[in-house]
Structure formats: structure tokens, C-alpha cells
Amino acid sequence: MKKIIYLMVVGILLFACDMEKYPLDAVSPNTFFNTENDLRLYTNSFYTALPEAEDIYNESVDNVIKMDLSDELKGTRIVPTSDGDWTWTTLRNINFYLDNSSKCKNESARLRYDALARFFRAYFYFEMVKKFGDVPWYDSTIGDNDEEKLTMARTPRVEVMNHILEDIDNAIQYLPSNRKVNEVTRWTALALKARICLFEGTFRKYHTEFNLPEYDRFLKEAVNASEELMTKSGYKIYSTGKPESDYLNFFASYNAIADEVILARSFSDEFQVYHNLNYYTMTASYGRPGLEKKLVNSYLMRDGKRFTDQPNFDKIFFTDEMKNRDPRLSQTVRTPGYTRINEKETLVQEFGSTVTGYQLIKFVSEPKWDTYGKDINDMPIFRYAEVLLNYAEAKAELGLLTQSDLDKSVKLIRDRVGMPNIDYTYANSNPDPYLEKQYPHVAGSNKGVILEIRRERRIELVMESFRWDDMMRWKEGATFTQQFKGMYFPGLGTYDLDGDGNIDVCLYKDTKPTLSGKSIQYLKLNSDVNLENGESGCIVINPQIKKVWDENKDYLYPIPIQERLLNPNLTQNPGWNDGIKN
């Protein structure tokens, strides 16, 4: 049995009602919260706060490009009338539990499940702070007539983050240490702390406009949390010694691989709990997702050299640009020789399914799960590779990174695919000019190695929805305005994508030609694809849509109008005009 499915089903059944008012017919504090089983049942409901599968794989910033662009990228966000993710139901459930759990006389049970509640409160507030900055801090439920709390002003970010650290430290202290991919444990709490502290430390370091203190304190906390997990947990990078397939198979595994996965969202054919990954990557229904050209260019050569150092790297056709690259590239997108898992037929990318020409295969499992909404492989929420990257980045940003630190972090990730480790001295003495243009805010003596760690993070964690948060904390949102691109075509004509001697694609301008051959994909210029130089160059995606980024406001989201009308003490985030005078 996949236990997290059971936990979430129980939570949904028990707490499906609106918890803005506690459910007297389901849970009354007068009759509940007396036993360990009561505490367990109630806290099971908190697992519904974890990301859905689509929240994990369905990223669409500048890693994965689709036919349309989000409002965030177009610069068309407006102040919402209501909601806008300014929702507090999850927090009320958690605080309602913490207000009543003391009725249970089993102290060990209470400490354990209180710690779980505080883990989820830290998780909740971390998501709120990332989005809105200052938010009201509530550590108890609010009564309908509690005017003071109902009209509470936004608590300063510094204070909220201190409360978050208190909660996550409590979770680390009292949650059990046994490793389970489907339950929050002490190791999950350490992984969350490392994630929180890396985000906050780098956000404070790069966003000097907010005048937030102690960025180094948070980076040190990120290092300490990561290091404790690294030295005491027993997690490791999954590997069977097959660098050409281990990365692919890790994400396609039906059951989360416990060597590396710290917490996963589980799916099951038995329980009819599914997601839609296979269908998403192979139909036009979800925007034809594909990797963006700058990310593809960022993958190193197999020997560790930079692809972008070679002359005319931006004019190399697909079959050649895929040769001798970091093996994760061919385990993330379809490359020459690609076959589906447990299949023998070689497949090229389908342009009807990918707008960039770089068709995704990460997480893609066997063809029998290709039906709409019928995929079952587990989705990692926390995994060990992220912890290693958090450790390396936090140390680099502090100026404390050494080659030894890279050897026990990034090297372990690269070993899985047979790639050379980052050379600390070489990276800092020879910063990559291609990456410098992507991250212009990086400076100092550790510039080169920070850029290399960012390269590694982007490649290793692609399609796991870290990119937006990373770009926000690094203050690099302005780079989103650059034109998104796909595959390079030197001109009109026919192309063999996998080098087997057969035509796979015909790129034409006016009249569709008649060619002999099977499964030829016909792409009409300026209809099916647009090229940057007219009849040659990289595919350009959404060239007609202007992308706008406002450095003065777009790193935070606006507070909904309705909330500000109900609570006149709520201030609006900088740059967002909602017409309310306060």
C-alpha cells in the first residue's frame, strides 16, 4: 500500500467541509483529540497541502516553454479581486489542531504530531512569504468576533521567518527519524529547512532593495541542515552503475526510490490515483512543452567542457549538438536513438507535441500509461540531490566553499551520469561568459563556481518546478524578457533527425512538397514554426508576444482587493495599484 495515498484519502474524507468554521458534526474539541489515534487522524489531513503532480512536472518559466506564456512572463498580472492564493484554510486547520492537541495525555504522541503540524505550518508560511513577502502571522485559530486578529496588519517578513525557523526546528527535534518516502520525518524537516534557508538567505543577499538583514545567518542554517542530513540520514544518489539510463529510470520508476527520495507524492493504479505526465508530454493539449534553447546549450560536453565555448555553437543542427553531451540531456529530451522504456522502436521528437523541438522524456514511463489521466509513477517532493545542491550553493554564497565541499555534494550527483566534477579553481578563474549573461547579478571571487552550481541545479532539477523560485531569489526575473528559442535549422529542406538515413522533417515555405518516406513531419514556415532569421536560425516561440518584467514590483504578488477592503490594515505590495488609499 502506498501510505501517503491512504493518509490523503483519510484527510479528504474527514475534513472535506469548510474548516473556516470547525466541523461540529465531524470533529468537536470536546470529544476529539484525546488519543494518539485522534491526533494521527487529524494530522493526516495536512498531507493534502503537498503539491499535486502537475505542480511538480508542469513548470513553464524559461526551462520548459509552451505555446502560450503565463501572465507573469507577459507582464499582464493584475491585482485580483479575491483569492489570488491569499487563502488561509490550511493554516486554520493546523492551528485548530495545535489549539486542541493538549487534550491528549500521551505526551510522546502529542510531541510527535504537534511537530508534524508545525512542519506543515512552516511549509504553509514559507509558500506565503515567497509569494507575498510580509504576511500576518497567526499561531492560533481566529474567532468570528476576534476583531483584533481579523484586522491584523501584515507581520514583517523578518518576524515571520523567525517563527518559521522555530516551527521547523521543533519538527526536526520531535519527528521520527525512520526514513519513509510517503511520510514526513525528521529528514523531511531538515530538507525543508535547507530549502527555506537557502531561499531566504539568497533572497536577502540579492534583493538589497528590501533591506532585509542577516542573509548569512540563513545561509549558515541551510548549510547546517543540509550537512546534518548528508552525514546522518543514510540517503544517497540512486545509481545502478548505468550512466546512460539511471537518471531516466529514477524518475520513471512507479514507486519512489527510497535511496534518494525523501518525500514523494504517491500514485496508484490499485487506488485509482493518477496523474497525466505521459499524455502531457506527447499531445498538443497542454501547450506542446519543450526545453528552451539556452538550457539545452547549458548542458556540458561529456568531458566537462562547455558546449558554448566552441565556435558557432548556436548554429549546430540537432544531430550534432546532441553528440557527446552530459548524459542527462538524452535522459531529459528525445535524442537520436531514443526508445521508450521496455520498447525497441527508435523514435524522433514529434513537433506536434513540442513547440521547441526538444521533446520531454523526464518522468515518462511505459506506453501503457499514455492514456489521458492514467499515469502512476510517484512524484518526488524532496530528494537528496536537491539537498546536496542546497549545501554547495549556500557555502558558495557564503564564500566558504572548497573543493572538498564540491566532492561531497555536486560530485555525487554527477557521478550518477559519469560526468566530471566542478573544478573549484578553474571555475573561479574562468567564469563561463554564457552563464554570466544569464545571471548578471553574480559577482565576487566565487562568481565562477556560483555560476557552475546554478548550471548544475538547473540541469539536475529541470521539470521539478524549482526554476521560478530560483530566479526570484536570485533577482534574475528580467532575463525572462529575452526571446525564447528552440532547435536550430540552417534553412528550408529535409532533415534526418536521428542519422538513420531517412527523412524525418521537411521544412517548407509555400507549397507542401510530396516526398517518399514514412512518418515525415511537414513544418510550414511562419505557420508551424517561425525562425529567427526568416528562413534559417533557431525556432522562435511566441515572437508576437511582448514579454515585460517590472523590477520594482514583479518579485512579489499583489494582495487581493477584497482582502484589503475587509481589512483596512493590510497594505499593498510595492508597485501594485489597486485604487485603495492606504
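In this chain, numbering begins with 1 at the start of the sequence shown.
In this structure, Trp137 has its ring center closer than 6.0 angstrom to the ring center of Tyr125. Between Tyr238 and Tyr247, the gap from one ring centroid to the other reaches at least 6.0 Å. Less than 6.0 angstrom separates the ring centroid of Trp88 from the ring centroid of Phe124. Checked against a 6.0 Å centroid threshold, the rings of Phe363 and Phe251 count as neighbours. Ring pair Phe218/Phe203: centre-to-centre distance not below 6.0 Å.
Side-chain contact check for Lys193 versus Ser226: every heavy-atom pair is 4.5 Å or farther apart. Using a 4.5 Å heavy-atom threshold, the side chains of Val160 and Ile164 count as touching. Side-chain atoms of Leu360 and Met463, non-hydrogen and from C-beta on, do get closer than 4.5 Å to each other. Two residues are said to be in side-chain contact when any heavy atoms from C-beta on lie closer than 4.5 Å; Glu397 and Tyr206 meet this criterion. A 4.5 Å side-chain heavy-atom check between Arg416 and Phe250 finds at least one atom pair inside the cut-off. Between Phe126 and Phe199, some side-chain heavy-atom pair lies under the 4.5 Å cut-off. Residues Val223 and Leu219 are not in side-chain contact: their nearest non-hydrogen atoms beyond the backbone lie 4.5 Å or more apart.
Of the options Arg454, Lys130, Arg455, Arg457, a salt bridge (Lys or Arg N to Asp or Glu O under 4.0 Å) to Asp470 is made by Arg457 and by none of the others.
Counted within 6.0 Å of CD1 on Ile78, heavy atoms from surrounding residues, nucleotides or ligands total 12 or fewer; the atom is thus considered open. For NZ of Lys411, the number of neighbouring non-hydrogen atoms (other residues, nucleotides, ligands) closer than 6.0 Å is 12 at most.
For the atom pair Thr185 OG1 and Leu190 CG, the distance stands at 8.5 Å (nearest 0.5 Å). Atom NZ of Lys131 sits about 10.5 Å away from atom CG of Asp469, to the nearest 0.5 Å.
Summarising the geometry of Phe318 relative to Arg334, their closest heavy-atom pair is CZ-O, 3.4 Å, with the distance given to 0.1 Å. Among all heavy-atom pairs drawn from Tyr299 and Arg325, the shortest one is O-NH2, 2.7 Å. Nearest heavy-atom pair, Glu59 versus Ser465, reported as atom, atom and distance to 0.1 Å: CB-OG, 3.4 Å.
Salt bridge status for Arg340 with Glu366: absent, with no side-chain N to carboxylate O gap under 4.0 Å. With salt bridges taken as basic N to acidic carboxylate O contacts below 4.0 Å, one links Glu386 and Arg195. A salt bridge links Arg383 with Glu460: the closest approach of a Lys/Arg side-chain nitrogen to an acidic carboxylate oxygen falls below 4.0 angstrom.
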Problem - Trace of the ring-ring contact (aromatic ring centres under 6.0 Å, His included) decision for Trp549 with Tyr555 - result: CA-CA 9 Å; Trp549 186 264; Tyr555 289 103; 5.2 Å; yes
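Between Phe382 and Tyr123, the ring-plane angle classifies as perpendicular under the 30° and 60° cut-offs.
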